[in-house]
Amino acid sequence: MITRAVVVPHPPLLVPELVAGAAAETEPVRAATVAAAGKLPGPWVAVAVDDSGPATVVPPLSGTFLGYGVDVPVSLGGDLAPDPRIPLPVLITAWLREQCAVEVSRVELVPRDLPPSECVSFGQRLADESAGLLILGDGSTRHGLRSPGSDDERSGPFDAHVHSLLAAADVDGLLSLDLALAAELGAQGRAAWQILASVPGPWRCSSAEFFAPFGVGYHVAVWERP
């Protein structure tokens, strides 16, 4: 049974070597992410949204952040030569694994447009896992003029709503997120959050934080059983 789940983002800026000129600005989200992941018992089952999904990635596996500017090697386990094709969420899972010194059982990648009904089925299938559940997903990419997407005034209310739902462990609310709005705002974490909401509870949230450096929303939350 999964007794604890952690929600984290998966941007390259979590890796300090990749943001040498902005280490101070990105430190809060980095520290919160590593602290939350550190509360997750191993082995981890990670679930993330990526255009390469659906796919299951298992160790041994090694990768590098060279495609994001600096050759920072990471590993899910084993001592293989780095594969340059590793998707970003898998690289971040491997980086977090090394920060927290735990084992990763596998990383499940799902497409960003996964329907809620399939998110529910996916989450229910995780019910009997004996693992810590790591949920990786980013919020809107349209917070302000520094955002990688065009500024959209709906981003603030959307991510504030997601934050409140995660803080309340409101599974019904997460399952009711507006799919079209999430897609328009670039919130790729929607499917991963809905998979979390579908893992049988009950759940309570022990901590929830939100950050938006460089115009992208990042949620960090820890869920556990009461």
Side-chain angles (χ1 to χ4, degrees), residues 5-14 26 28-30 32-34 36-37 40 44-55 57 87-93 95-96 107-120 122-123 126 132-143 147-149 152 154-199 203 205 207-223:
V6 167
V7 174
V8 297
H10 57 80
L13 60 77
L14 290 179
T26 57
V29 64
R30 180 181 308 110
T33 298
V34 172
L40 193 63
W44 291 352
V45 171
V47 176
V49 176
D50 189 79
D51 290 338
S52 64
V57 180
L88 177 59
V90 180
L91 292 175
I92 292 296
T93 299
W95 183 80
L96 286 171
V107 182
E108 298 282 2
L109 300 175
V110 300
R112 69 178 75 189
D113 60 353
L114 192 69
S117 60
E118 295 186 32
C119 293
V120 170
F122 199 113
L126 294 173
L133 180 60
L134 184 71
I135 298 291
L136 300 102
D138 296 344
S140 174
T141 59
R142 298 191 168 187
H143 287 273
S147 63
D152 193 314
R154 300 174 297 173
S155 290
F158 174 83
D159 271 323
H161 182 52
V162 172
H163 172 69
S164 67
L165 295 175
L166 290 171
D170 185 342
V171 297
D172 292 333
L174 288 170
L175 290 171
S176 299
L177 286 172
D178 187 325
L179 274 64
L181 178 60
E184 290 171 12
L185 296 177
Q188 296 187 25
R190 187 275 307 171
W193 303 330
Q194 290 188 328
I195 288 172
L196 167 62
S198 305
V199 178
W203 293 104
C205 179
S207 65
E209 298 177 83
F210 175 72
F211 308 87
F214 303 113
V216 181
Y218 300 128
H219 296 273
V220 179
V222 178
W223 282 19

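Nearest heavy atoms, C205 versus A169: N-CB, 3.9 Å. Taking both residues in full, the closest heavy atoms of A191 and V110 are given as CB-CG2, 4.4 Å, listed atom of the first, atom of the second, then distance. Heavy-atom minimum distance, A37 versus W44: O-CZ2, 3.5 Å. Taking all atoms of both residues into account, the shortest heavy-atom contact from A192 to V49 is N-CG2, 3.8 Å. Looking at every heavy atom in both residues, D159 comes nearest to G217 through OD2-CA, 3.8 Å.
Here the CD atom belonging to Q194 is positioned 8.5 Å from the CG atom belonging to L114, to the nearest 0.5 angstrom. Rounding to the nearest 0.5 angstrom, the gap separating the CG atom in D172 from the CG atom in L165 is 10.0 Å. Distance OG/S198 to CG/L174: 9.0 Å, rounded to 0.5 Å. Considering CD of E108 and CG of L126, their distance stands at 7.5 Å, rounded to 0.5 Å. Annotation: the span from T33 atom OG1 to L136 atom CG amounts to 9.5 Å, rounded to 0.5 Å. Remark: Y218 OH to S140 OG distance equals 10.5 Å, nearest 0.5 Å.
Using a 4.5 Å heavy-atom cutoff, the side chains of V7 and W223 are not in contact. Between L109 and P89 there is a side-chain heavy-atom pair separated by less than 4.5 Å. Proximity of D138 to P9: side-chain heavy atoms (C-beta onward) are separated by under 4.5 Å at one or more points. Counting heavy atoms from C-beta on, the side chains of P12 and L88 come closer than 4.5 Å. You'll find the side chain of D113 stays beyond 4.5 Å of the side chain of L179, heavy atoms only. Here the side chains of W95 and V34 are in contact, with some heavy-atom distance below 4.5 Å. In this structure the side chain of H10 never reaches within 4.5 angstrom of the side chain of L96, judged on heavy atoms.
In this view, H143 and F210 satisfy the ring pair (Phe, Tyr, Trp, His ring centres under 6.0 Å) rule, not counting sequence neighbours. Legend: residues meeting side chain to side chain donor-acceptor pair (under 3.5 Å) with R142, ordered by chain and number and at least two apart, are absent.
Ring pair H219/H163 is parallel by interplanar angle, where below 30° counts as parallel and above 60° as perpendicular.
Across I92, T93, L196, a single residue satisfies side chain to side chain contact (heavy atoms under 4.5 Å, CB included) together with L134, and that is T93. Screening S147, P11, P148 for a side chain to side chain contact (heavy atoms under 4.5 Å, CB included) with V216, the sole residue that qualifies is P148.
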